[in-house]
Amino acid sequence: MGIMKPSAELAIARQAIAEIAARFPSLQMIEEPEAPVELSILMPVQPGLNHKVWLALQNNDELHFSVGNFWLEWFPCTKPSRVAEYVAAVIGFLSGEYRVLEHYRGTRCVKAELQAR
């Protein structure tokens, strides 16, 4: 059994996440190799980040971004415009330029959306 060559999609996802990490060098990003997806990155609550953030490559070509009850995917990641939208959304949230607004009925979140302030 030889060494598996990383997929083009995995390389794209790693590059997108590296671009995000470069903008926020003080934020800790933890790769979770045991996660049942191609790439899983957890950003725990930490100074400069009040919410846990999850970034991932899933189903081979979907870039995922999740915070709180907000979860959205951009695909296919082989389309450069989708990658640019993903990176912009994550950077927007991490910089405070965007926020996640959650709508509740009682104690149940019924909608979560990413908004520019």
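His51 approaches Val45 most closely through the heavy-atom pair C-CG2, 3.8 Å. Ser26 approaches Gln46 most closely through the heavy-atom pair O-OE1, 4.0 Å. Here the closest non-hydrogen pair linking Leu57 and Val37 is O-CB, 3.5 Å. Of all non-hydrogen atoms in Asp61 and Phe75, the two that sit nearest each other are O-CB, 3.4 Å. Heavy atoms only, all atoms of each residue included: Ser40 and Trp54 are closest at OG-NE1, 2.7 Å. Smallest separation of non-hydrogen atoms from Leu39 and Ala13: CD2-CB, 4.1 Å.
Within 6.0 Å of the CZ atom in Phe24, the count of heavy atoms belonging to other residues, nucleotides or ligands exceeds 12.
Although no hydrogens or angles enter the test, the distance criterion places no donor-acceptor pair under 3.5 Å between the side chain of Glu85 and the main chain of Trp74. Side-chain N or O atoms of Tyr86 include one that pairs as donor or acceptor with a backbone N or O of His64 at under 3.5 Å.
The CG atom of Leu49 sits 5.5 Å away from the CE atom of Met43 when rounded to the nearest 0.5 Å. Note that NZ of Lys111 and NE2 of His103 are 5.0 Å apart. Values are rounded to the nearest 0.5 Å. Atom CD in Gln58 sits 11.0 Å away from atom CG in Leu63 (nearest 0.5 Å). Separation of atoms OG (Ser66) and CG (Leu42) is listed at 10.0 Å; rounding is to 0.5 Å. For the atom pair CD (Glu38) and CG (Leu10), the distance works out to 8.0 Å, reported to the nearest 0.5 Å. Rounding to the nearest 0.5 Å gives a distance of 10.5 Å between CG of Leu72 and CD of Glu62.
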- Query: Between Thr78 and Glu9, is a side chain to side chain contact (heavy atoms under 4.5 Å, CB included) present by the stated rule, with each step listed?
  - Reply: CA-CA 7 Å; Thr78 52; Glu9 292 85 359; 3.9 Å; yes
- Task: Evaluate the criterion side chain to side chain contact (heavy atoms under 4.5 Å, CB included) for residue pair Glu113 and Glu102; output intermediate values, then yes/no.
- Result: CA-CA 7 Å; Glu113 56 190 325; Glu102 296 180 343; over 6 Å; no
- Message: As a quick check of understanding, evaluate side chain to side chain contact (heavy atoms under 4.5 Å, CB included) for Val67 and Lys52, giving each step before the final call.
- Response: CA-CA 6 Å; Val67 59; Lys52 179 174 76 170; over 6 Å; no
- Task: Step by step, work out the side chain to side chain contact (heavy atoms under 4.5 Å, CB included) result for Ile41 and Ile30.
- Result: CA-CA 5 Å; Ile41 304 293; Ile30 303 164; over 6 Å; no
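Annotation: Phe70 is not in aromatic contact with Phe93 [ring centroid separation under 6.0 Å not met].
Side-chain contact between Leu114 and Tyr98 is present, with at least one heavy-atom pair separated by less than 4.5 Å.
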